[in-house]
Student: 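A single structure is presented below for examination.
Throughout, residue positions are numbered sequentially from 1 according to the sequence presented.
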Amino acid sequence: MLDASYLSVLGYFGYLLGAVACAVGIFVIARKGAKERSDRTAAITAVGLTGLWCIFAAAYGSSAPATLMAEIARNLGWVGLILKLFANDGRDETLLPIRPVIFTLAFVELLQPVLLLIALRFALTPEIASLTFQISAFLRLLVAIGALVLLHNLYAGGSASSRQLLRWSTIALGCAYAYDLNFYGIAYLSGSAPMLLVAMRGIIAGAFAILLAFGSSPASAGLQFSPSRAVAFQSFSLVIIGAYLLGMMVVTQSLSLLGGEVGRLVQIGFLVLASIAAVLWLPSQRMRAWIRVTVAKHLFQHRYDYRQEWLRFTQTIGHAASRSESFHERAVKALADITESPGGLLLSPNEEAELELVARWQWPTIQHSAPAGSYQLAAMLEERNFVLDLDEVRAGIDRIGENALVPDWLRNAEDAWAVVPLLHFDRLVGAVVLARPKAQRSLDWEDFDLLRVVGQQLASYLAEQSGQEALMEANRFDEFNRRIAFVMHDIKNLASQLALLVRNAEKHADNPEFRADMLVTLRNSADKLNALLARLGRYGSGQVSTRELIDLAGVAERVVARFDGIHDVTITRSETCTVYADAEGVEQALIHLVQNAIDASEAGSPVFVQVSSDGLSGLIEIVDSGAGMSPAFVRNGLFKPFVSSKNGGFGIGAYEAREIIRAMGGRLNVESQEGIGSRFILSLTVAAAQGLLTKNKDNQSEVA
């Protein structure tokens, strides 16, 4: 703590500096102040009385009777200045309560000479002197509070043009009264004036004079007070902490009035509990989020610092926080950081234009359906570029027909807050579901505008990445095609040679039995090679062999039998289900899927196969309890050739299985969750339904 002599020297020079600043302020207001302003004379008077008080404080000390009388005159000058500030736009005439409040503040201040007289003449005991001091400090507290309320009404009730004129004057008076509120609050609670704050009062008076002089100039009307958001947030946090400490001091001082050991025990207990509450409350993320929202709402014209948000957005997109963080997760994070959402999901249209989950960021608890959204919802987001406010959806507000399209899982997730469409050249690339921020608030026009713009920028990044992936896949296919061409050429030559050998053997073999065996063997070899050649020739072309009526249950049983003794593959459900399909193709697809399930499972973990029908489609499900797959891998890697999660895997099995099933008019869906397992669902139209579809197509062709 500073020594009393140092504080005395600091106070002396502080009051001198305040007096000089007041003299400069009077000169500036008189020479360069706007002469048409009604508060010009009141401002000169207030600054002059403040300078006079600083001179008396430097000459006689801050507690001298002359200094105290000068302080009373200074305070009356400040109150008169507030009245004249209201008169700038005539509100002193239109607002009837203003004048009575001003007169009340002046009356309370005029009680100070009476208290000063009592302190000088009648305060014969320390108790009376202390009581007089506390009453004086309490009355000054009332004046400071009343003046701050008037200043708030002055600025908040003014028009835009009036606020430009009043801005710096209200800042000057507000800072001065806020300092007095703190000064007299501590003095009232402690029973004596705080010496450090006494020494600083002259500097505060000088700052008051400079701000008031600056505000009197016409050039200051267009200037804006624009603190950075970081400074505003930290300052507001300090105000909250200061208010907390002040409140704690008031309560502890009140508890001390109980007296005795019980009062001291209660006082100490309250201090301990209040300190624990502060430790738990002040670092809270919810509290910090509330402070940010409050500061942005009341101190800034716009909710967002657009420059800062853009820098953070580009930084998040360009740099991963960890090696395991994918680009899609960074995309969600970049959008969620803008609204301070704690998590998010990225949905993207699949081949059927349905929205499916691609990635999730810090939101493992939300459960979604498969698919996550219908193609109608995707079409609405693409056509309208509309940010969905899910709170409005839950409240039944229907702006563009979105209520009927929002899926139940999204409607029932209370922490789901908004759905932001990502459009690139009017095409829906994806949609981001944002989680609700810690600080509860509603979406407004500024949120909608910023999220739409950022969504378009994010969509361009996603579209660029998809284009790069498609180019890389095309390059890999080109390399694969060059390699397979040599394989096909060699196999074709081998098949021709074997066929020639068969023809020669038919002509020149002497041993009939040997000839017969050789022919059988060679014909089988030639048939197998030709079959392989035909399969390689139609690989990826979408062609299949002649379809026929097959029973899916029988195909599944044959596939399961092939793995007998290799791994535990069990049929848990087997319903007769007849479809039009290529038996060899279905069997090949099932072999790929069952083998993948075995590779993903532990040695003793079974793989389950079930065959069923829903009336329109025959379904074969392959279920394992292996490691599972992430949404990003299911979306971007599972059905991509040459991408495999297995060491040494070629990454062609799942892709070939899907292409085979698609060529038969079927579908292959997958549901997977990391750490739980995967379910592949092979779907083919049943024979009866296929006949109806064919008949309808024929009828439509005849009508056309």
Student: What distance separates T316 OG1 from K333 NZ, expressed to the nearest 0.5 Å?
Tutor: 4.5 Å

Student: Write down the atom of A603, the atom of H567, and the distance for their closest heavy-atom approach.
Tutor: O-CE1, 3.5 Å

Student: When you compare the side chain of I622 with that of R679, does any pair of heavy atoms fall below 4.5 Å?
Tutor: no

Student: Working note: H328 + W361, criterion side-chain contact (heavy atoms from CB on, under 4.5 Å); need CA distance, chi angles, decisive distance, verdict.
Tutor: CA-CA 9 Å; H328 293 94; W361 175 71; over 6 Å; no

Student: Would you check if the side chain of S672 reaches a backbone N or O of M629 as a donor-acceptor pair within less than 3.5 Å?
Tutor: yes

Student: What do you reckon, is CG of D614 surrounded by more than 12 foreign heavy atoms closer than 6.0 Å?
Tutor: yes

Student: Could you go through H424 and L462, starting from their C-alpha distance and side-chain angles, then the distance that decides it, and tell me whether this counts as side-chain contact (heavy atoms from CB on, under 4.5 Å)?
Tutor: CA-CA 9 Å; H424 181 63; L462 292 172; over 6 Å; no

Student: For the residue pair R411 and V406, what are the closest heavy atoms and their distance?
Tutor: NH2-O, 3.4 Å

Student: Going by side-chain contact (heavy atoms from CB on, under 4.5 Å), name the residues that satisfy it together with V420, two or more places apart in sequence or in a different chain.
Tutor: L335, V387, L434, L451

Student: For a quick test of your reading: what N or O donor-acceptor pairs under 3.5 Å do the side chains of residues 350-358 make, sequence neighbours left out?
Tutor:
unit_1	atom_1	unit_2	atom_2	d
N350	OD1	E352	N	3.0
N350	OD1	A353	N	3.1
N350	OD1	E354	N	2.8
E351	OE2	R662	NH2	3.4
E356	OE2	R635	NH1	2.8

Student: Would a 4.5 Å heavy-atom cut-off, applied to side chains only, mark M380 and L388 as touching?
Tutor: yes

Student: Begin with the C-alpha distance, continue with both residues' side-chain angles, and end with the deciding distance and a verdict on side-chain contact (heavy atoms from CB on, under 4.5 Å) for W363 and D415.
Tutor: CA-CA 10 Å; W363 205 355; D415 52 347; 3.0 Å; yes

Student: Please assess I620 against V609 for the test side-chain contact (heavy atoms from CB on, under 4.5 Å), listing each intermediate value before the final yes or no.
Tutor: CA-CA 7 Å; I620 302 179; V609 178; 4.1 Å; yes

Student: Who pairs with F608 by ring-ring contact (aromatic ring centres under 6.0 Å, His included), at least two apart in sequence or on another chain?
Tutor: none

Student: E587 versus R562: any side-chain heavy-atom pair under 4.5 Å?
Tutor: yes

Student: What are the two closest non-hydrogen atoms of G618 and V686, and how far apart are they?
Tutor: N-CG1, 3.6 Å

Student: Would you call R441 and D447 a salt bridge, using N to O less than 4.0 angstrom?
Tutor: yes

Student: With E402 as reference, evaluate V393, I397, L381 under the side chain to side chain contact (heavy atoms under 4.5 Å, CB included) test and give the passing residue.
Tutor: V393

Student: Can you list everything that forms a side-chain contact (heavy atoms from CB on, under 4.5 Å) with E382? Sequence neighbours excluded, please.
Tutor: R427, L428

Student: What's the spacing between L552 CG and C577 SG if we round to 0.5 Å?
Tutor: 4.5 Å

Student: Mind checking whether L390 and L410 have side chains closer than 4.5 Å, heavy atoms only?
Tutor: yes

Student: Please round to the nearest 0.5 Å and tell me the distance separating atom CG of D551 and atom CZ of R558.
Tutor: 9.0 Å

Student: Say whether Y461 and Q457, considering side chains only, have a donor N or O and an acceptor N or O under 3.5 Å apart.
Tutor: yes

Student: To the nearest 0.5 Å, how far apart are CG in L405 and CG in L377?
Tutor: 6.0 Å

Student: Kindly indicate whether the side chain of V586, heavy atoms from C-beta on, has any atom under 4.5 Å from the side chain of I660.
Tutor: no

Student: Using a strict cut-off of less than 4.0 Å between a Lys/Arg side-chain nitrogen and an Asp/Glu carboxylate oxygen, indicate whether K438 and E340 qualify as a salt bridge.
Tutor: no

Student: For the backbone of S326 and the side chain of E329, can you confirm whether one donor and one acceptor N or O come within less than 3.5 Å of each other?
Tutor: yes

Student: Which atoms form the tightest heavy-atom contact between V419 and A431, and what is the distance?
Tutor: CG1-CB, 4.1 Å

Student: Quick check: do E309 and D337 have side-chain heavy atoms less than 4.5 Å from each other?
Tutor: no

Student: Salt-bridged, D391 to R436, with N to O below 4.0 Å?
Tutor: yes

Student: Which atom pair, heavy atoms only, marks the closest approach of I550 to A583?
Tutor: CG2-CB, 3.8 Å

Student: Report the distance from atom CG of N403 to atom CD of E392, rounding to the nearest 0.5 Å.
Tutor: 9.5 Å

Student: Counting distance only, does the side-chain N/O of N596 pair as donor-acceptor with the main-chain N or O of A600 below 3.5 Å?
Tutor: no

Student: Could you pull out all residues at least two apart from W409 that satisfy ring-ring contact (aromatic ring centres under 6.0 Å, His included)?
Tutor: none

Student: Can you sort out the partners of E557 under salt bridge (charged side-chain N to carboxylate O under 4.0 Å, His left out), two or more places apart, ordered by chain and number?
Tutor: none

Student: Going through the checks in order, is the side-chain hydrogen bond (donor to acceptor under 3.5 Å, both in side chains) test met by S625 and S605?
Tutor: CA-CA 7 Å; S625 55; S605 180; 2.7 Å; yes

Student: Evaluate the side-chain proximity of L423 to V429: yes if any heavy-atom separation is below 4.5 Å, no if none is.
Tutor: no

Student: Can a salt bridge be assigned to the pair E575 and R573 using a cut-off of 4.0 Å between side-chain N and carboxylate O?
Tutor: yes

Student: How about F680 and L638: do any of their side-chain heavy atoms sit closer than 4.5 Å?
Tutor: yes

Student: Keeping the roles fixed (side chain from S341, backbone from G343), state whether a donor-acceptor pair exists under 3.5 Å.
Tutor: no

Student: Going from CZ on F563 to OG1 on T570, what distance comes out if it is rounded to the nearest 0.5 angstrom?
Tutor: 13.0 Å

Student: What pair of heavy atoms forms the shortest contact from A372 to P407, and how long is it?
Tutor: O-CG, 3.3 Å

